[in-house]
Structures are given as C-alpha cells and as structure tokens.
Amino acid sequence: MPHDPDLPPAKKFKPGSVFFRLDKNKPGMLLPRKGNATTPVDVQRKQMNHFYCPHLYLNYALTRPVLCHTLGETGSGKTTQIPQYLYEAGIGRQGIIAITQPRRVAAISLAGRVAEEKRSQLGKLVGYTVRFEDATSPETKLKFMTDGMLLREAIGDPLLLRYTVVVLDEAHERTVHTDVLFGVVKTAQRRRKELNKIPLKVIVMSATMDVDLFSEYFNKSPVLYLEGRQHPIQIYYTKQPQSDYLQAALVTIFQIHQEAPPSHDILVFMTGQEEIEALARTCRDIAKHLPDSCGSMVVIPMYASLPPVQQLRVFQPAPKGCRKVIVSTNIAETSVTISGIKYVIDTGMVKAKRFNPDSGLEVLAVQRVSKAQAWQRAGRAGREDSGSCYRLYTEQEFDGLIPMTVPEIQRCNLAGVMLQLMALGIPDVMNFDFMSKPSPEAVRSAVEHLELLGAVERKEGHVSLTALGKKMASFPLEPRYAKTILLSPDYSCSEEILSIVSLLSVDTVLYNPPARREEVLTARKKFTSSEGDFMTLLNIYRAFKKVGGNKEWCRENFVNSRNMGLVKEVQAQLRDICLKMKLKLESCGADTGNVRLCLAHGMFINAAELQPDGSYLALDTHQPVAIHPSSVLFQAKPAYVVFNELLHTSRCYMRDLCLVDADWLLDAAPEYFGRKLRATKS
DNA sequence: GAGCACTGC
C-alpha cells in the first residue's frame, strides 16, 4: 500500500523533468564523435541539413564505411528514405541494399511503403524476405528482411557478397540476431577489403541517443544525430516508494479519470496476463459505481497471447465521452503502436527472461525496467501531442535503475548462436568479437552442450564444427531438435520426429480456457498417450491432419488453430531441408517405440530419473525437478523421462515429457551417463 | 496440482 493512504492520489506525485527526446536547444546536429566537440553550431546545423538533402547526405554517407544514426521519429520516414537515397545514388547497381528489422510485420510493411513510393510492384525493385515468405525477384535491389533471415543467408555467404549495403535498423533493441549480425558485417567488411571485393557499406540506425557503443565497436565510426519530433512529456514520480504497484496503478488510473477530459486515453504498463486481466476486472467494477459526472471508461487488456481479434480492440476509438484505458505488457513498448495516448502509467516492472549458465536454466522473472525502457514507455504518451507519464516509483528509485536493458545475448542460452557462428566459418568462436560479450561461463556451457551433441569437437583447445554439426546448423531450430531430426532416419521415424519437433518449436497448440476445464479434459482424453506428452501431441497433430486442418475441429478439441497452422508451415520447411540433404523420410506407423528411442538419443541431455523418495533429479545438473501438472504423466511415476524444457516457477518443473528406458539413455551417451548415473546413486 | 514478457530462423 502507498505510505500515505489518506492523501488524494494526485498529491502522491511530484513533477519531474519535462522530457524531450533530444535537447531542444541543440536542434539536430551532425556531431563528430566524442572528444572532438569543437565544430561550431552553425556548421553543425548546416551539416544537419545535409540529411534532408539526399545529395549532401550521400556525400557524407558514401565516403564512410560505417555510419551510425540516431533517428528522431521511430518507424517513420527515414527508414524508408535512406535506402532510396542509396539506391538512387547508384549503389544498388552492383548489389542489393538490405534493410534488416527485428520483426516480420515491420519488414513487410516497410517494403510495401517503399514499393508504393517508387511506384513499383512489391517483389520487383523493392521486396522483402521473412521466414515462410519471400517476396523478392532477381530485379530486387531494395530488400527488407528480418535480422534472423540475413543471418541465415550469411551461413551460405559469410561475406554477404550479394549486398553492397546493409542497413541494421532498430539496432537499439539489441536482439540476439542483430548482435550477431554486428560481428558478421564487421568481419565481412574487413575480409572484402582484404580480398579486393566490392566494399560493403554498413549503416546502423538506432532510436536512442546511446550510439557511442555502436560507434566504438565499428572503429569509432562517425555518428549522425538527428532531432526528434517527439512532443514534450511531463514526468511525474511518486513521493514515496510504493510497495504495491497494482494498487498504485489503480489509484492513479481513477485519479486521471476524474480529472482529465474523456478523450485522453491512458496506457498502463504491467508485467503479465494474469495481472492485466485482474486489474482490468477491478477497473470495470469500480467504474460501474462511479458518479455519472465521472464519465464512462472502457478497459482493454493487451498482451501477445490474446486472440488477434481482441488485440485489434486497442486500435478502435472509444465511444464519444468514454475514456479508453489500455492495460498492456511491454508489447506496447515497441511491437504495437497505439495512437491517442495522452497518459502513460509506468509500474516500473517488467517480466523478462534471465539465464543461469551453471544450471542452464532460463527463468522468467518480474524485475525492474531499465532507464532506457522507462523512457521508451514514457515516449508512448507523446506521439501526436504533449503528454504525461506517471511513474509509480520515486525519482531516487529511477536514478537507481540500470541505464540500458541487458542485451538479450547476455541473457540467453548460446548453444544455437555458437553453432551458427561456427557454421559461418568464424575461426575462434570462443573469442568472437561481440559488441557486448556474453559471460565466459555462458560461452563455455554452450560449447560443452554442442560437444555432447556431437556438433563440435575439441582438438588441442581449439573448437571446430563436425560434419554432423554442419548439418545441424542448416535447421532453423535449437541444436538438440536438429540433432533429433538427423538421427530419425536411423530409427525409420523421420515423419513422426519432424511433426514432434515442429509441435515443440512453436507456442503450445493446446488451448486451455480455465472456465471450461472439464470439457477440455474430456476432449483431450481421446488423444492422451501413456507414453507422454510428445506422443499425445503427435496424436493430436495426426487427427488434425486427418480432418484437413478443419477449424471447427480445432474449436471442438480445444486446439489453437493459428499455432497449428504454424506447425504445418514449420514442418514443411523442415521437410524441405531434409530433402535437400537427401535424408530418408519415412513413417514408423503404429510402432511409436522407435519414436521414443529416437527422442531418447536426441534429447538425452534433458533426462530425469525417479528417486527412491518419489522425486526426480535432472541427470545433467542433478537439480531436483518435478513433473508439471499439465503433463499427461503428472500422476504416473515413470522411472526415466526426457523433457522438452524446464520451467522455473514455484518449483523447477519439467514440461512436455516422454517416457524412455534407462538403457536407451546409456546407449545414447555411454560415457556421459556412466558418469551421471553413478553420481546420482552415490 | 500449476499458470507462460516479447521477438525470430
């Protein structure tokens, strides 16, 4: 509860600074890098104008191998303009201009806009490439793509020779893919120079002012600062620290509701689905009992797992005289832009993944946001006009936040990244030139993981890719899934394994509305296999295919048809890769023992053993684990299982299990399990 | 007997 519950809510806040995206007194400047700040302001201004004049911009950009930008307005003009400038300068004649985006929708919509501006049919001069969709042709010179897609292309062409320019957009988001691409383009640029190839030009675009890190990494490349057109935002902090941010959010929502004109919408940042639904319910309840003078309110939850139709509600304007209150996860920070927001309420909390390299465990935990994230949230209030941001924490607490969100590459399992780097032919992956280095433990643990899978081998301290590892890298999958697929022809069950891996590599296909629990259980019973969740999922997928992907069937059987559609696409893609490798594709029919045998051999690192006291131990780390209550094996006590993933919540749960024999595990990795099983028994 | 931020190949 707030410390001073008797004060009216507004009195609990004190104003902070008025925030501009960039300093108003220094309109857009072209600054040399730090330490050389002697350029007179009028010269800076003049140079700034270069940016709005293609010729002058190009003069500047084309004479430098790497250029780092800040962009005033996110997702606006510049991302569509700059590639066109470069193309018109003739740089596209020798190769393609690639513009990478962290998200598919952004790549697709930007390509559409640029094609329109060039009055060209999409897929001709201007195109895009994202997973499952390629709208390019031999004529394509401006190619918008996801960062992951360019990375995948780099495996076949590490010097990126098809491209003359790579524009890395939204670089401040620091996705794993962008971070690896930084190293890839830097290496490609150097190698192409050494080999006397056509030079590769790199342009890094970031929405934040913190581009020093980028500039530093690319050998102190020049930085172009641009003025933003962000409207001023008044920041408020609480006077006292709040122990209950839910309560504080509620109080703040209704304070604003009572005082502000009804056309001013509110966006509240919370951490997760459950919290959001609870707050939305409470708001609606309270709103019902407010005096008529207060005006009405429509409360809309927003999070990624919401069905698409309900997500669209955030874009619909509220009825006249009614206030729109959107309660959202951080999806509204970057992925979804909502217009008309006048007030942002920032709880200062976020749910994010953390990685522990010792246990190999990823944990989803509620934690404090970074300063950059808090500014990003605040900025959502000033897109069309000035706005306000209520931070439900004190200014001192804000000062104590970390400046930038820790890049994803320092918070995730690196096995897939390391495999990809080796497939790119990077000579010394252990010392790869990351912009932000992951911890040595994380790198070591990833390489050990790959070694266990037989993807890499160590000779005199040097790590290299095996033939198996090279094949594994061709799959857009986690290494252990790729390995399982590659093993499957030995067990004559590649079709089944392709289905299971596809099912495991998308969000769950099971739809579990809590209110219809009994119905769900009944519907699911006919697919349940005593061999575990993998087999149960396979049964569901087989039944789904039998009825031809019928949506009605999905509804009746509580199956998420959107995710099921995705499974089909993934499976088709994986099958294509197998065919190119000339892998034998066959079905084992009813003999599912082979499927489990194959899974045991591919997933042996994720194995657990029943203990005499009825609990389980994970065999690789000897960590106590439990069967998740959602598993079909929850009430069974199988002696040995392999699991898809560990979920660390109230306990450490294994999710998605498969019954296996101890002999199979020993057979899969005799030395490893000889060691592990002994250790367990002692 | 629990409960999953967000992307992406």
Side-chain angles (χ1 to χ4, degrees), chain A residues 100-107 129-134 145-156 170 173-181 269-278 302-306 311 328-336 347 349-354 362-367 369 373 376 405 407-409 411-412 416-417 419-420 423 472-479 481-482 501-502 505-508 510 512-514 517 521 563 566 569-570 573-574 576-577 626-631 633-635 644-656:
Chain A
T100 71
Q101 296 292 325
R103 282 171 290 281
R104 296 163 51 94
V105 276
T129 304
V130 298
R131 192 183 188 183
F132 308 130
E133 247 183 289
D134 183 15
M145 61 206 301
T146 44
D147 45 14
M149 212 60 214
L150 184 60
L151 203 52
R152 204 123 277 283
E153 280 190 11
I155 292 178
E170 310 279 7
E173 288 192 29
R174 305 293 305 275
T175 68
V176 176
H177 291 152
T178 307
D179 266 28
V180 176
L181 275 178
F269 283 102
M270 307 287 288
T271 69
Q273 172 177 347
E274 211 174 341
E275 202 176 71
I276 286 169
E277 293 291 358
M302 180 69 192
Y303 44 87
S305 60
L306 213 59
Q311 286 192 358
S328 172
T329 60
N330 41 344
I331 192 172
E333 265 172 36
T334 48
S335 307
V336 171
T347 56
M349 304 303 273
V350 65
K351 202 179 278 186
K353 205 164 247 181
R354 284 191 200 150
E362 289 177 324
V363 182
L364 202 58
V366 173
Q367 49 202 297
V369 296
Q373 218 170 348
Q376 176 69 27
T405 309
E408 202 186 351
I409 196 126
R411 300 185 277 125
C412 72
V417 170
L419 183 66
Q420 222 161 8
M472 283 166 62
S474 326
F475 290 93
L477 292 170
E478 284 180 47
Y481 293 154
V501 164
S502 307
S505 62
V506 306
D507 283 339
T508 181
L510 306 179
N512 296 314
R517 210 168 146 264
L521 285 174
N563 290 348
L566 214 61
E569 282 194 290
V570 173
Q573 186 188 31
L574 299 180
D576 270 356
I577 297 169
I627 298 180
H628 195 274
S630 67
S631 171
L633 293 179
F634 179 60
Q635 269 150 358
N644 181 36
E645 60 177 357
L646 286 179
L647 183 72
H648 195 113
T649 49
S650 56
R651 297 168 76 183
C652 198
Y653 285 108
M654 300 179 277
R655 207 159 49 165
D656 296 325

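Below, chain A is the first sequence line, B the second, and so on; all start at residue 1. For the numbers below, each heavy atom of this structure counts, side chains included, while hydrogens, waters and symmetry mates do not.
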Trainee: Taking the side chain of A:R103 as its heavy atoms from C-beta onward, which of B:dC9, B:dA5, B:dT7 lies nearest to it?
Mentor: B:dT7

Trainee: My understanding is that only residues two or more places apart in sequence, or in another chain, count here; which of them pass salt bridge (charged side-chain N to carboxylate O under 4.0 Å, His left out) with A:E478?
Mentor: A:R480

Trainee: With sequence neighbours left out, write down each residue that passes salt bridge (charged side-chain N to carboxylate O under 4.0 Å, His left out) with A:E333, or none if nothing qualifies.
Mentor: A:R377

Trainee: With a 4.0 Å cut-off on heavy atoms, is A:Q273 in touch with a base, just the backbone sugar-phosphate, or nothing at all?
Mentor: sugar-phosphate

Trainee: Nearest-Å distance, CD (A:E153) to P (B:dG8)?
Mentor: 17 Å

Trainee: Within the structure shown, what part of the strands sits under 4.0 Å from A:I331 by heavy-atom distance: base, sugar-phosphate, or nothing?
Mentor: sugar-phosphate

Trainee: Could you check whether A:R517 gets within reach of a base, just the sugar-phosphate, or nothing at all, counting any heavy atom under 4.0 Å?
Mentor: base

Trainee: When you measure from the side-chain N and O atoms of A:T146 to the phosphate of B:dC9, is any distance below 4.0 Å, counting only OP1 and OP2?
Mentor: yes

Trainee: Closer than 4.0 Å, any side-chain N/O of A:R655 to the OP1 or OP2 of B:dA2?
Mentor: no

Trainee: How close or far is atom C1' of B:dC4 from atom OH of A:Y303, stated in whole angstroms?
Mentor: 12 Å

Trainee: Assign A:F475 to base, sugar-phosphate, or nothing according to its heavy-atom contacts below 4.0 angstrom with the strands shown.
Mentor: nothing

Trainee: In whole angstrom, give the distance that lies between atom CD of A:Q367 and atom P of B:dA5.
Mentor: 13 Å

Trainee: How do A:S650 and A:D147 order along DNA chain B: which one's closest nucleotide is nearer the 5' end?
Mentor: A:S650

Trainee: Can you tell me how far P of B:dC4 sits from CD of A:E277, to the nearest Å?
Mentor: 15 Å

Trainee: For the residue pair A:Q311 and A:M302, establish whether any side-chain heavy-atom pair is separated by less than 4.5 Å.
Mentor: yes

Trainee: Going by atom types only, do A:T508 and A:N563 share a side-chain donor-acceptor pair under 3.5 Å?
Mentor: no

